[in-house]
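Note that this is a predicted model, so its numbers are computed, not measured.
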Amino acid sequence: GSGNDYVVLNLTGVSSDMSLRFANQFAAPIILPNGTSITGFEGFQITAGSGTNTFDLTGTTVVANTLAQNNFSNYGAYITGGAGNDTLQIDAATQGNIYFYGNAGANQLFADFSAATGPLSFAPANSYTTSITLGSTLSVNYQDSAYFHPGTGSDVFHITGGSGDDTIN
């Protein structure tokens with residue numbers, strides 16, 4: 001609807017695989033595993049179940065409102081995966097502040113910035129956090145599963161840089 005709407009979804013009870021695409025959440029519905037459709041929101045917090053989950057944020061703009069700022073820092077998208085192998089997909093058209101913690105499993109990040117002209121920075125902030133920024137339009141905080149769940153698998157990053165001055169560490 002109008003304003004700055006934020007959706008909080010607790011899907012921890014879902015053990016089947018999910019693939020959620022948020023590219024046009026303002027107009028096109030997001031269909032949840034139980035058939036529920038949600039549309040017209042700018043930001044979201046999701047806690048997923050134990051299936052293999054894909055969170056496709058390519059082309060998505062997320063905005064944090066007061067609810068997000070009070071409970072989930074300043075993230076327009078706050079994603080916590082379950083015990084399965086989870087995937088986050090972003091690209092040069094993704095905008096906003098995003099937090100992703102894949103939880104246990106061999107999680108993946110697909111970051112296609114081939115269309116980006118601004119500077120990309122992809123750098124470990126410490127032994128369990130990777131920071132990804134694209135100019136001033138995108139900021140991603142990616143939490144590595146191995147730190148929180150030792151021996152559970154290793155996260156894999158698939159990164160394509162653009163024509164800007166990219167820094168990938």
Between Leu88 and Phe100, the two heavy atoms sitting closest are CD2-CB, 3.7 Å

Start with the C-alpha distance between Val14 and Leu32, add both sets of side-chain angles, then the distance that settles side-chain contact (heavy atoms from CB on, under 4.5 Å), and finish with yes or no.
-> CA-CA 10 Å; Val14 177; Leu32 301 178; over 6 Å; no

Could you state the interatomic distance from CG (Leu20) to CZ (Phe55), rounded to the nearest 0.5 Å?
-> 6.0 Å

Nearest heavy-atom neighbours spanning Leu138 and Ile98 | CD1-CD1, 3.8 Å

Distance from Leu9 atom CG to Thr47 atom OG1, nearest 0.5 Å?
-> 8.5 Å

Nearest 0.5 Å please: distance from the CG atom of Leu109 over to the CG atom of Asp86.
-> 12.5 Å

Steps toward side-chain contact (heavy atoms from CB on, under 4.5 Å) verdict (Val7, Ile30) | CA-CA 11 Å; Val7 175; Ile30 305 302; over 6 Å; no

Which heavy atom of Tyr6 sits nearest a heavy atom of Val63, and at what distance?
-> CD1-O, 4.0 Å

Which atom of Asn85 lies closest to which atom of Ala106, heavy atoms considered = OD1-N, 2.8 Å

Are Phe113 and Phe122 an aromatic pair by the rule of ring centers under 6.0 Å?
-> no

Nearest heavy-atom approach of Asp17 to Asn53 is C-OD1, 4.2 Å

Is there a chain of hydrophobic side chains (I, L, V, M, F, W, Y, each step under 4.5 Å between heavy atoms) that links Phe22 to Phe110?
-> no

N/O donor-acceptor pair under 3.5 Å between Ser37 side chain and Pro29 backbone | no

Using 30° and 60° as the class limits, which term best fits the ring planes of Tyr142 and Phe157: parallel, tilted or perpendicular?
-> perpendicular

Donor-acceptor pairs are to be reported for all side-chain atoms of residues 158-169 against protein atoms at under 3.5 Å, with residues two or more places apart or in another chain.
residue, atom, partner, partner atom, Å
His158, NE2, Gln108, OE1, 2.7
Ser163, OG, Ala116, O, 3.4
Asp166, OD1, Leu120, N, 3.1
Asp166, OD2, Gly162, N, 2.9

Verdict with supporting geometry, Tyr75 and Gln45, side-chain contact (heavy atoms from CB on, under 4.5 Å) = CA-CA 9 Å; Tyr75 296 106; Gln45 185 272 335; over 6 Å; no

Not counting sequence neighbours, which residues clear side-chain contact (heavy atoms from CB on, under 4.5 Å) with Ser19? List them please.
-> Thr54

Nearest heavy-atom neighbours spanning Thr58 and Ile90 = CG2-C, 3.8 Å

Could you list all the salt bridge (Lys or Arg N to Asp or Glu O under 4.0 Å) pairs where at least one residue sits in residues 47-63, not counting sequence neighbours?
-> Arg21-Asp56

Go through the side-chain N and O atoms of Gln89 and Asp91 and say whether any donor and acceptor fall under 3.5 Å apart.
-> no

Looking only at atom types and distance, does a side-chain atom of Asn141 sit under 3.5 Å from a main-chain N or O of Tyr99, one as donor and one as acceptor?
-> no

When hydrophobic residues are tied together by side-chain contacts of less than 4.5 Å, even through go-betweens, does Ile31 share a cluster with Val8?
-> no

